[in-house]
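For reference, positions follow the sequence shown, starting with 1.
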Amino acid sequence: MRVLYVGFKGKGNSSNKLVSSLVGDKLFLTNSYTGLKKDIDRIEDTYDLVYMFGLDKSLKGNIRIDTSAEKDGVRLYSDIDTNAVISEFHKKGIQAETGYTPTRYLCNEAYWYMLKKYDSRVLFFHVPSIKYITKEFIEKIKSALSIIVCL
C-alpha cells in the first residue's frame, strides 16, 4: 500500500517535524493558498492513502482528526473510518478526537484539494504546536500509523 505523508513547510511547524520523522513518501506544502494548490497539483504519483498533518495551537498533547473539508460551499468527506483510527491512537496512549466542522484556514484548503484529488482516501490530523511534539509523542504516532495503514 502506497502512503503519502503531508505536512507544511517550516522548521518551526510541528507538522513539518512530525512528517520529517516518518518513513515513506513525503510532501511539504507551501504556507499559502495558491502555493499549496500548486504543490498538490504537481503530485504525479498514485497513492492508496494520504495522511496530512497540520498545526492547531489549541491542542496540547492530543490530536484531532478531521472528517471533512469545505470550499466554496462544497463539503468533501474522508472515506477512512475515523473511529478505527482513533481507537489505534488511544491504544498507543494518545488522546484523539474527531473534528466534524471544517476550519477556515490553510489546513482546510489543503485537505479539500487532496480529498478531491485522491477520491476521499485522505485523512487530516491536527497536531499540537512544536513544544508539545516530543520524541515520545512522535514515536507513539508512528506506532499507531504503522497499524492504521494496514486497516
Side-chain angles (χ1 to χ4, degrees), residues 1-10 13-59 62-92 94-129 133 137-151:
M1 178 172 290
R2 289 200 69 204
V3 179
L4 175 63
Y5 299 102
V6 180
F8 286 87
K9 292 179 181 176
N13 188 306
S14 55
S15 71
N16 184 294
K17 181 177 181 178
L18 178 60
V19 171
S20 293
S21 74
L22 298 172
V23 175
D25 291 357
K26 300 172 190 135
L27 172 66
F28 296 97
L29 298 173
T30 304
N31 289 300
S32 75
Y33 288 95
T34 56
L36 67 81
K37 183 180 183 320
K38 288 177 186 176
D39 294 340
I40 292 168
D41 287 344
R42 283 190 204 111
I43 302 169
E44 294 181 5
D45 291 337
T46 301
Y47 293 96
D48 301 301
L49 289 170
V50 178
Y51 288 140
M52 303 180 75
F53 298 86
L55 168 64
D56 182 337
K57 292 178 182 178
S58 71
L59 299 173
N62 60 316
I63 62 173
R64 185 180 70 249
I65 302 169
D66 290 344
T67 58
S68 65
E70 187 173 321
K71 180 173 176 55
D72 299 329
V74 177
R75 190 176 285 202
L76 301 177
Y77 295 87
S78 174
D79 286 341
I80 300 170
D81 181 358
T82 54
N83 290 330
V85 171
I86 286 173
S87 176
E88 288 306 318
F89 277 105
H90 287 171
K91 287 177 189 176
K92 300 300 178 187
I94 297 173
Q95 184 59 38
E97 61 186 35
T98 303
Y100 296 102
T101 305
T103 65
R104 300 284 178 228
Y105 304 106
L106 286 174
C107 294
N108 176 73
E109 188 93 352
Y111 194 20
W112 193 88
Y113 283 119
M114 202 66 85
L115 283 165
K116 189 171 181 175
K117 184 174 184 100
Y118 284 102
D119 298 321
S120 302
R121 295 296 300 154
V122 183
L123 203 55
F124 199 102
F125 302 86
H126 273 101
V127 296
S129 63
I133 300 285
F137 188 77
I138 289 173
E139 289 307 312
K140 287 179 180 180
I141 288 176
K142 287 166 66 172
S143 180
L145 287 175
S146 69
I147 294 167
I148 293 166
V149 167
C150 300
L151 292 176

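- In this structure the side chain of Tyr51 reaches within 4.5 angstrom of the side chain of Ile80, judged on heavy atoms.
- Side chain of Ser14 to backbone of Pro128: a donor-acceptor contact under 3.5 angstrom is found.
- Distance OG1/Thr46 to CG/Leu4: 11.0 Å, rounded to 0.5 Å.
- Under 3.5 Å, the side chains of Ser87 and Asn83 contain no donor-acceptor pair of N or O atoms.
- Note that CG of Leu59 is 9.0 Å distant from CD1 of Ile133, once rounded to the nearest 0.5 Å.
- Ser78 places a side-chain N or O within donor-acceptor distance of the main-chain N or O of Val122, the cut-off being under 3.5 Å.
- Side-chain N or O atoms of Trp112 include none that pairs as donor or acceptor with a backbone N or O of Cys107 at under 3.5 Å.
- Sorted by first and then second residue, the side-chain hydrogen bond (donor to acceptor under 3.5 Å, both in side chains) pairs involving residues 99-111 (not counting sequence neighbours) are Lys71-Glu109.
- Ser15 is linked by a side chain to side chain contact (heavy atoms under 4.5 Å, CB included) to Phe8, Asn13, Phe53, counting only residues two or more places apart in sequence or in another chain.
- Note that CG of Leu18 is 11.5 Å distant from CG of Leu55, once rounded to the nearest 0.5 Å.
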- Message: Show, in sequence, the C-alpha distance, side-chain angles and deciding distance for Leu123 and Thr82, and conclude whether the side-chain contact (heavy atoms from CB on, under 4.5 Å) test is met.
- Response: CA-CA 8 Å; Leu123 203 55; Thr82 54; 3.7 Å; yes
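- Here the closest non-hydrogen pair linking Lys142 and Ser21 is NZ-O, 3.2 Å.
- Nearest heavy atom pair, residue Tyr118 against residue Asp45, reads OH-O, 2.8 Å.
- Applying the salt bridge (Lys or Arg N to Asp or Glu O under 4.0 Å) test to residues at least two apart or on different chains, the pairs with a partner in residues 21-33 are Arg2-Asp25.
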- Message: If you apply the rule salt bridge (Lys or Arg N to Asp or Glu O under 4.0 Å), what do you find for Asp41 with Lys38, and how did you get there?
- Response: CA-CA 5 Å; Asp41 287 344; Lys38 288 177 186 176; over 6 Å; no
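- A heavy-atom distance below 4.5 Å is found between the side chains of Thr30 and Lys9.
- At a threshold of 4.0 Å, the pair Asp56-Arg64 counts as salt-bridged, since one of the basic side-chain nitrogens sits closer than that to a carboxylate oxygen.
- Rounded to the nearest 0.5 Å, atoms CD (Glu97) and CD1 (Ile65) are 9.5 Å apart.
- Annotation for Lys117: atom NZ counts as buried by contact number, over 12 foreign heavy atoms lying within 6.0 Å.
- If you take CG on Leu29 and CG on Leu27, they are separated by 4.5 Å, rounding to the nearest 0.5 Å.
- Sorted by first then second residue, the ring-ring contact (aromatic ring centres under 6.0 Å, His included) pairs that include residues 67-91, not counting sequence neighbours, are Phe89-Phe125.
- From Ser143, atom OG reaches atom CD1 of Ile94 across 8.5 Å, with rounding to the nearest 0.5 Å.
- In this structure, Asp66 contributes its side chain and His126 its backbone to no donor-acceptor pair below 3.5 Å.
- Put simply, the side chain of Leu106 reaches to within 4.5 Å of the side chain of Leu36, judged on heavy atoms.
- Residues satisfying the salt bridge (Lys or Arg N to Asp or Glu O under 4.0 Å) test with Lys91, not counting sequence neighbours, are Glu88.
- Here Gln95 pairs with nothing under the side-chain hydrogen bond (donor to acceptor under 3.5 Å, both in side chains) rule; sequence neighbours left out.
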